[in-house]
Amino acid sequence: MFRNYNPNEIEPRWQQVWEETGLHRAVESGEKPKFYCLDFFPYPSGDGLHVGHCRNYVPTDVISRFKRMRGFNVLHPMGWDSFGEPAEQFAIANGVHPRLTTDQNTANFRRQMILIGCSYDWSREIDSSSPEFYRWTQWFFLMLYKRGLAYHDANWQWWCPTCQTTLSSHEAVGGECWRGHTGVTRREIPAWYFRITAYADPLLDGLDQIDWPERIKTMQRNWIGRSEGCEIDFRTEAGEVVPVFTTRPDTVYGATFFVLAPEHPLVERVTSEDQRAQVEAYIAAAARLSEIDRLSESHEKTGVFTGGFVVNPLNGERVPVWVADYVLPAYGTGAVMGVPAHDERDFGFARAYGLPVRRVVAGPGEGQQVERDQESAVEAAYTGEGVLVSSGPFSGLSSIEAIERICDHLEEHSLGRRKVQYRMRDWLISRQRYWGTPIPIVYCEKCGEVPVPEEQLPVLLPEMADFQPDGSGRSPLARLAEFVNTTCPDCGGPARRETDTMGGFACSSWYFLRFTSPHYDQGPFEPQAMRYWMPVDLYVGGAEHAVLHLLYSRFWTHVMADAGLLPFREPFTRLLNQGQLLAPDGLRMSKSRGNVITPDSMVAAYGADALRVYELFMAPFDQDVSWSEEGINGARRFLNRVWGLYSAADSEKATVVGEDRDLARALHKTIRRVSERIEAFRFNTVISALMEFVNLLAERKRSGGGRTASFKQALDTLPVLLAPVAPHIAEELWHQLGHPGSVHLQTWPAWDAALAQEDILQIAVQVDGKVRAVFGIDSDVGEEQVKEQALAHPKVQQHLAGREVVQAIYVPRKVLSFVTRQVEPIAE
RNA sequence: GCGCUGGUGCUGGAAUUGGCAGACAGGCAUGGUUGAGGGCCAUGUGCCGCAAGGCGUGUGGGUUCAACUCCCACCCAGCGCACCA
């Protein structure tokens, strides 16, 4: 009856049974508490899954299976992020339509996920490039549009020449696009934006309410980049107002110059005739520098005096106006007051051009000395807070007080106003590409920009044989007259469709809602189902989406909450990032590098359960690790050993005789450890706990101890404990033991704390901090007896020779520590 | 430069959160089984030492009866931020 362990026979058999019996179907009913466990839905690449993906999908599968056995109603779905540039690029490279490649790739992904035993509810599979899905992406676009959160604007955009499309500022960082192409430039193209900046504060505040890695929260906070301060209106001599933004109005009396970004419109007007040639040359040079070069040059500051002056509204001083590219045109007002004594950048600039440095804030313990040192050399900018000096009526105030009083003063005299600045920009959603969700807008000659009415959705993405971008900066859809030409939904007159599509991040901003009712056709989701499952209880994926997807989806959720569609504002209650699994060469796996290890080859050689066990065991969940095939054999050996425990030798003929107290204790200890450690995402130690237990069982069996009731009990429980991590072998053993039903429908075992308790304790005896002896005692033995036994121990006596015990510290059940001193030789 | 996170045998890692460092694996070594290979089984495996014993968790200090764990300084690695006024 018990053959050799053959995972390649067992695994597909059970996978089929599970699918046929609908074991993983999630139904929103019953008294069980719900648990929505979500993986970042993948882009179904042509490379297929590699073992690195399993590092994400295996742990969430363990959690899902465990939670089901723990009595939760679990939703564990999977779908495809199949719209967007990667899919289109792949199709182009293969000379095939992306619909075809997407369908092939998703079929392959699904096959591989089943192969490794993932318990997804495939009846809820979604595909973001299907009309049933993108219809509702368009619906959300219209919702944003109607709420004034989607707008069309012609502006300088980030442009990736490789992708042939505009990018959001979030996607173009450091001269590279998010797909890793270099050479990102600026191009003036009209495009659609989402007004994410309107949600800066709610998005910031929401972070305090969610259980996410602090690292990710910090990245989002940095990205939003909120700073509080005020605008101060400087004036040109011609009387023109030039506001500057500052977070340090307390340093305004220290302004000794004024700087405009080269792009600032005032440069033209403020520049004097004798300086004009120099200024224009500087601006031209700055324009030649790409934004990237400008930002990477974080050391040397350059600039030119314009010959013009502005007046500081607080002290009436006339300060020189410079142009310098360290001032960014897009942040604040594109102009700053130069306070070299209290700002490092201004200090560097003043140093380079010999501008005066005037201290107006005294640090702790400085006081009068600062006033005396006023014109002497200052070594560095003092950027801390302190007490104001040489600041007119505000002298003597602390920085904190001064900031308030100066802001009050500015507002009372209309010289400025309190202001909050954000670094985050609006989200550019337009892509001049074919493979994406068409933007549901038409342009009517009479009515202008008109949203497509909801009942006309979806605006179908038309079939197109030649969908390659042509370098015109317009979407390939613009070449398709039958798509472009339409009628105005308002007046019925001739109109043209918007030909841009939405970037893929639109799809991923709401897909998690669709899983709650993937076939619903009256709206993006069925409200009852949404209320039942949402928010997502556990969301697991790589840390690379820290700001893009994870910020956008929060934004959409906040908007939907404001629109009354959702009863919560944060979509993902808890987020975890798994560690990366790198190739054996330490690099990321990719087909182009030729270092991909597929689950297919590993399953063929070792079985899916061994692959799962190994991936869980190789390193802590959140730690990066390089793949090595050396250890996977250990996982397989472990499963062989498990299998061997059930082999006919004694289990069949065994008559049950007696108890095995140690074994029973080990069983309960193992139940406790496995339960607590799965809950804590410490899967590597879940596996080691199971290994220890199996080793003990194997030892018992070998030494003839396999016929006790305790051993029987252990064999009955082991498949249940293995079910989350090694679901196939667990199911097979469960059935071979003759139990009815699936092991995955069993209730997770409880541990008996009393049974798990040791009754012989190992006490370590220390003499002057060093362990000198270890002995076992009954758990009910008291301190005095432990001491007595310790003092009688030869090793302890040896180290106590010639010394006297000054102090004895007893930590119950653990340690007895003697502190000694040298016995004084008896003086004559 | 600033901010996280980490640094433990040959390797991956463990340590009930201040209480026997190296669990559990991989690798290696020796022996057994086998026609051979693989596989499997047994034993050993932190360093020095014949031993008694000593040393040992990136480095240096500190707190404590007791430190991988807490505190201070520093070194290294990875990630994030980096002219945001």
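The shown structure was predicted, so the numbers you read here are calculated from the model rather than taken from an experiment. Both backbone and side-chain heavy atoms feed into the values below; hydrogens, waters and symmetry mates do not. Throughout, protein chains are lettered first and strands after them, A, B, ... in sequence-line order, and every chain is numbered starting at 1.
- Atom OH in A:Tyr810 sits roughly 20 Å away from atom P in B:A66 (whole-Å rounding).
- One finds no side-chain N or O of A:Lys814 lying less than 4.0 angstrom from the OP1 or OP2 phosphate oxygen of B:A15.
- Taking the six-membered ring for Trp and the full ring otherwise, A:Phe681 and A:Phe683 have centroids separated by under 6.0 Å.
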What pairs of nitrogen or oxygen atoms, one from the protein and one from nucleotides 36-39 of chain B, lie under 3.5 Å apart?
none

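- An anti base is found at B:G32: its glycosidic angle is more than 90° from 0.
- No hydrogens or angles were tested; on distance alone, nothing pairs the side chain of A:Glu630 with the base of B:G12 as donor and acceptor under 3.5 Å.
- B:U69: no Watson-Crick or G-U partner with both key distances under 3.5 Å is found in any strand.
- Nucleotides B:C20 and B:G26, compared at atom C1', are 25 Å apart to the nearest Å.
- Base pairing of B:C40: its partner is B:G32, meeting the Watson-Crick or G-U wobble criterion (both donor-acceptor distances under 3.5 Å).
- Taking the P atom of each, B:C2 and B:G12 are spaced 30 Å apart, rounded to whole Å.
- Using N1 to N3 plus N6-O4 or O6-N4 for Watson-Crick, or N1-O2 and O6-N3 for G-U wobble, each under 3.5 Å, B:U57 pairs with nothing.
- Of all nucleotides present, only B:G80 satisfies the Watson-Crick or G-U wobble test against B:C2, with each distance under 3.5 Å.
- B:G49 and B:C10 have their P atoms separated by 15 Å, given to the nearest Å.
- When both distances must be under 3.5 Å, the Watson-Crick or G-U wobble mate of B:C10 is B:G26.
- Look at the P atom in both B:U69 and B:U59: the space between them is 11 Å, to the nearest Å.
- Distance noted for atom P between B:G32 and B:A67: 46 Å (whole Å).
- Of the residues near RNA chain B, A:Lys795 and A:Thr333, the one whose nearest nucleotide (by heavy atom distance) lies more toward the 5' end is A:Lys795.
- The glycosidic torsion of B:U45 lies more than 90° away from 0, which places this base in the anti conformation.
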